[in-house]
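Working notes for the structure below.
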Amino acid sequence: MGEEYNAALLEKRNFHEGCPGCRVEQMKQLRRGYPYLELSFVWIIVLATSLPISSLYPFLYSMIEDFDVAESEKDIGFYAGFVGCSFMFGRALTSLSWGMLADRYGRKPIILVGTISIAILNALFGLSVNFWMAIGTRFLLGSFNCLLGTMKAYASEIFREEYQATAMSAVSTSWGIGLIVGPALGGFLAQPADKYPNVFSKNSIFGRFRYALPCFTISAFALVVTVRCCFIPETLHNHKLDSTAHDDSLETLEESSASTTNAGRNERKASQVSLLKNWPLMSSIIVYCILCLHDTAYSEIFALWANSPRKYGGLNYSTNDVGTVLAISGIGLFSFQVFVYPFAERLLGPVLVTRFAGAVMIPMQISYPFIANLSGLSQSIMLNCASILLNLLSVSAITGLLILQNKAVDQSQRGAANGIAMTAMSLFKTVGPAGAGILFSWSERRLDAAFLPGSHMVFFVLNVIVVVGVALTFKPFLTTAPR
């Protein structure tokens, strides 16, 4: 009886039995209830790709010191910025190509390439012995970091329509968690021979390579994810035209040859207009890039500011202290995005959520320089509260834009569209760490300035970026695709 029902459903929905994308569509139609399995796919893969991106920030200050390239303590931020931006520069050069390959050969092969490259290249970064090796391995890691754009397309295809907000929330949440847990791992596991001498000897590999342990840990996780990815379903439709098996009318031929067919829905015809002329897509990408610029600049500035001495307006935190703050923020972000964001998105819509989140981020960032003047328990409480709120607001703002991007294109264009988004975002994120490092070094030279002295200037610039991003969410700039 079940086989007869499935066959009838295939006929009714015009599913193509040999198409992997159609098999996923059939699975979506037959399965009911909350998509826990799909959620697990998305979570672990996106987490694997986001962990290495910012895991270096807590120990980057110390790493640059060990490389002995900075002439003075005030120059460390300058060199740190270039190590941070090399990853994004590499990703900017290749993201569009990876998106096009995902549209041509499928999502699954590209996902496997991404997880394998993380396992290899992130481990090599942990073995860096000089400044240029660190830049080179981070550049290669970024060049092969093809997962986020592909996973945004994959998530939108493997979840049913009513769970699209959950899909994009899963991508942005696991991404945001990775950007927080990664630095937490970096903070706790860097320099293990110094922190945990009873476990790690000075003569061991982790004593000689002081920053290898967090990198090896992330690489090991990426290997586990690679094995799991061998069993995920492909979602890309790959229909083959069979004129003998179908009606040869022009209408049927056109329907059969449309690679963008998404079974089970009344679809829009594939747009012949260039993606670059798709304004709902491009406007959401531009706003997305601006908010991502803020996100990456904030991540680097927070770590540098927390590590820097109090005489420069910092917190003089150790890598463990930074890791603790980020771990607490990760727990708060997870809880919010899983239990609150989908409800907020359904109630307000993605655009209003983005505007609200951006507006609240501004006063939060103004408070950071004043938190540095506190001490003890009061400082710890205020810093953790501010960090939790700022991270969940930042991820919430970005999630709404991911939803808009995937709704603006058909399935056959999602890989390329997300490739464009990744390329543009990576260019902005290339500027982010480099600019943040230069800005931070400059701020430490103007502690006695009359206008926005020291770290006040750093967080003022971050607020300017947020204001620009929120302003562009209004019409006529940001438009949404018709449903």
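What's counted below: heavy atoms across the whole structure, side chains too, no hydrogens, waters or symmetry copies.
A donor-acceptor distance shorter than 3.5 angstrom exists from the side chain of Arg355 to the backbone of Thr473, with no hydrogens or angles considered. Side-chain atoms of Lys108 come within 3.5 Å of backbone N or O of Ile232 as a donor-acceptor pair. Judged by distance alone, the side chain of Ser117 and the main-chain N or O of Gly114 form a donor-acceptor pair under 3.5 Å. No donor-acceptor pair closer than 3.5 Å links the side chain of Ser219 to the backbone N or O of Ile120. With hydrogens and angles disregarded, no donor-acceptor distance shorter than 3.5 Å links the side chain of Gln405 to the backbone of Leu281. One N or O on the side chain of Ser204 and one on the backbone of Ser201 form a donor-acceptor pair closer than 3.5 Å. Under the 3.5 Å distance criterion, the side-chain polar atoms of Asp321 are matched with a main-chain donor or acceptor of Ser318. Although no hydrogens or angles enter the test, the distance criterion places no donor-acceptor pair under 3.5 Å between the side chain of Ser283 and the main chain of Leu478. Using a distance-only test at 3.5 Å, with no hydrogens or angles considered, no donor-acceptor pair links the side chain of Ser394 to the main chain of Asn391. Not a single donor-acceptor pair under 3.5 Å links the side chain of Ser387 to the backbone N or O of Leu383.
Of all heavy-atom pairs between Pro183 and Pro58, the closest is O-CG, 2.9 Å. Among all heavy-atom pairs drawn from Cys215 and Gly126, the shortest one is SG-CA, 3.6 Å.
Note that OG of Ser128 is 10.0 Å distant from CD1 of Ile135, once rounded to the nearest 0.5 Å. If you take CG on Asn122 and CZ on Phe221, they are separated by 12.5 Å, rounding to the nearest 0.5 Å. Leu56 contributes atom CG, which lies 10.0 Å from atom CG of Leu141 (distance to the nearest 0.5 angstrom). Here the straight-line distance linking atom CG of Leu315 with atom CZ of Arg310 works out to 6.5 Å at 0.5 Å rounding. A distance of 12.5 Å separates CG of Asp295 from CD of Glu300, quoted to the nearest 0.5 Å. Here Lys152 contributes atom NZ and Ile403 contributes atom CD1; the two are 12.0 Å apart, rounded to the nearest 0.5 Å.
Ring-plane geometry between Phe78 and Phe82 is classed as perpendicular, the angle between the planes exceeding 60 degrees on a 0 to 90 degree scale with a lower cut at 30.
Counting heavy atoms from C-beta on, the side chains of Ile111 and Ile45 come closer than 4.5 Å. Between Ser426 and Ser95 the shortest side-chain heavy-atom distance falls below 4.5 Å. Looking at heavy atoms from C-beta onward, Tyr79 lies out of side-chain contact with Phe67 at the 4.5 angstrom threshold. At a threshold of 4.5 Å between non-hydrogen side-chain atoms, the residues Met361 and His294 count as touching. The shortest distance between side-chain heavy atoms of Cys292 and Ile398 falls below 4.5 Å. Side-chain contact between Ile64 and Val69 is present, with at least one heavy-atom pair separated by less than 4.5 Å. Residues Lys202 and Asp194 have side chains in contact (heavy-atom distance under 4.5 Å, counting atoms from C-beta outward). Looking at Val325 and Tyr317, their side chains come closer than 4.5 Å, going by heavy atoms from C-beta outward.
Remark: aromatic rings of Phe139 and Phe87 are distant, center separation not under 6.0 Å. Taking the centre of each ring, Trp305 and Tyr368 come in below the 6.0 Å mark. No close placement of the Tyr57 and Tyr61 rings is indicated, their centers lying 6.0 Å or farther apart.
Remark: the Ser308 side chain and the Asn316 side chain contain no N/O donor-acceptor pair separated by less than 3.5 Å. Thr150 and Arg107 share no side-chain donor-acceptor pair at under 3.5 Å.
Remark: Tyr196 OH is packed, more than 12 non-hydrogen atoms of other residues, nucleotides or ligands lying under 6.0 Å away. The neighbour count for Phe209 CZ, taken as heavy atoms of other residues, nucleotides or ligands under 6.0 Å away, is above 12. No more than 12 heavy-atom neighbours from other residues, nucleotides or ligands sit within 6.0 angstrom of CZ on Arg104. In this structure, Met133 places its CE atom where more than 12 heavy-atom neighbours from other residues, nucleotides or ligands lie under 6.0 Å away. The neighbour count for Phe131 CZ, taken as heavy atoms of other residues, nucleotides or ligands under 6.0 Å away, is above 12. Dense packing is recorded around CZ of Phe188, with more than 12 heavy atoms of other residues, nucleotides or ligands lying under 6.0 Å away. Atom CE of Met382 sits in a sparse spot, with 12 or fewer heavy atoms from other residues, nucleotides or ligands closer than 6.0 Å.
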Starting from the C-alpha separation in whole Å, work towards a yes-or-no answer on side chain to side chain contact (heavy atoms under 4.5 Å, CB included) for Ile53 and Met88. CA-CA 9 Å; Ile53 293 177; Met88 294 300 171; 3.6 Å; yes

Evaluate the side chain to side chain contact (heavy atoms under 4.5 Å, CB included) criterion for residues Tyr211 and Gln191: first the C-alpha distance (whole Å), next the side-chain angles of each, then the deciding distance (0.1 Å), finally the verdict. CA-CA 6 Å; Tyr211 311 103; Gln191 304 163 325; 3.5 Å; yes

Would Asn384 and Ser329 satisfy side-chain hydrogen bond (donor to acceptor under 3.5 Å, both in side chains), going step by step from the backbone distance to the final call? CA-CA 7 Å; Asn384 279 288; Ser329 297; 5.4 Å; no

For Ile158 and Phe41, run side chain to side chain contact (heavy atoms under 4.5 Å, CB included): C-alpha distance rounded to whole Å, both residues' side-chain angles, the deciding distance at 0.1 Å, then the answer. CA-CA 10 Å; Ile158 202 170; Phe41 293 160; 3.7 Å; yes

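Under the 6.0 Å distance and 45° angle rule, Arg138 counts as a cation-pi partner of Phe125.
Here Ser50 pairs with Leu47, Trp175, Leu179 under the side chain to side chain contact (heavy atoms under 4.5 Å, CB included) rule; sequence neighbours left out.
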Atom pairs and distances, donor-acceptor, side-chain atoms in residues 453-472, under 3.5 Å, two or more places apart:
unit_1	atom_1	unit_2	atom_2	d
Asn463	OD1	Gln365	NE2	2.6
Asn463	ND2	Ile362	O	3.3

